[in-house]
Amino acid sequence: MFTLPDLPYAYNALEPYIDERTMQIHHDKHHAAYVKNVNDALTGQDELASLPIEDLIADLLKVPEAVRTKVRNNGGGHYNHSLFWEVMAPNPDGAPRLAQGDLASAITQSFGSFEKFTEVFSSAGLNRFGSGWVWLVTDKGKLTIVDTPNQDNPLMDLPAQAGGRIPILGLDVWEHAYYLKYQNLRAEYIKNWWYVVNWKEVEKRFDGIPDQVRDA
Ligand code: MN
């Protein structure tokens, strides 16, 4: 059985960039529904239901065809949002947030500069038609930006253990993530979101990827 993780901060902690009401509904209603629905879909499938979520969604062919789409959408929703909460953090001083250390070097190496990276990532989010996500992923020793529809994510293309892409940062561009505060202004939401990126957590994820997987 999968469970809804608590937010690692208060609902209002990401104000003024992301508002309290959005966080409440997003976590307590949307994410909670993904968790409930993936559990419902896997009723009686104890082995699948006890896998780590990233293993379940990275190998969807294991899931019976009758519930595969439900598991893809809702298991994906659970994984994606669990990551999303973690890669954000309050920004009380209002200063821009920048990547540090090895991750900062890798970003410069892959995209030319940190600024160029945020530009390309932001425009992927802006241009993702309809609902979906943008990801920063490690891909054979390099960093790449990928966007996916619905609640899909890069783990679904090719499992990490098979040398696939591992997400280390993700941005939710579903309207439910921003509409209450920003209405149709997705670009404003994305611009402000950079202020609450938790680079320490992103670095931890980047550093935690074993070299043989990262450079495969
Ligand atoms: Mn969402």
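In listed order, ligands and their atoms are each counted from 1. Sequence positions, counted from 1, serve as the residue numbers for this chain.
Residues passing the salt bridge (charged side-chain N to carboxylate O under 4.0 Å, His left out) test with Arg97, sequence neighbours excluded: Asp93. Residues passing the side-chain hydrogen bond (donor to acceptor under 3.5 Å, both in side chains) test with Lys70: none are found, sequence neighbours excluded.
A salt bridge between Glu201 and Lys204 is present, with a side-chain N of the basic residue lying under 4.0 Å from a carboxylate O of the acidic one. Using a 4.0 Å cut-off between charged nitrogen and carboxylate oxygen, Lys181 and Asp19 do not count as a salt-bridge pair.
Distances from the Mn ion (ligand 1) under 2.8 Å pick out these protein N/O/S atoms: His26 NE2, His81 NE2, Asp172 OD2, His176 NE2.
The side-chain hydrogen bond (donor to acceptor under 3.5 Å, both in side chains) pairs that include a residue from residues 116-127 are Ser122-Trp194, where partners are two or more places apart or lie in different chains.
The shortest side-chain heavy-atom distance between Ile190 and Arg186 falls under the 4.5 Å cut-off.
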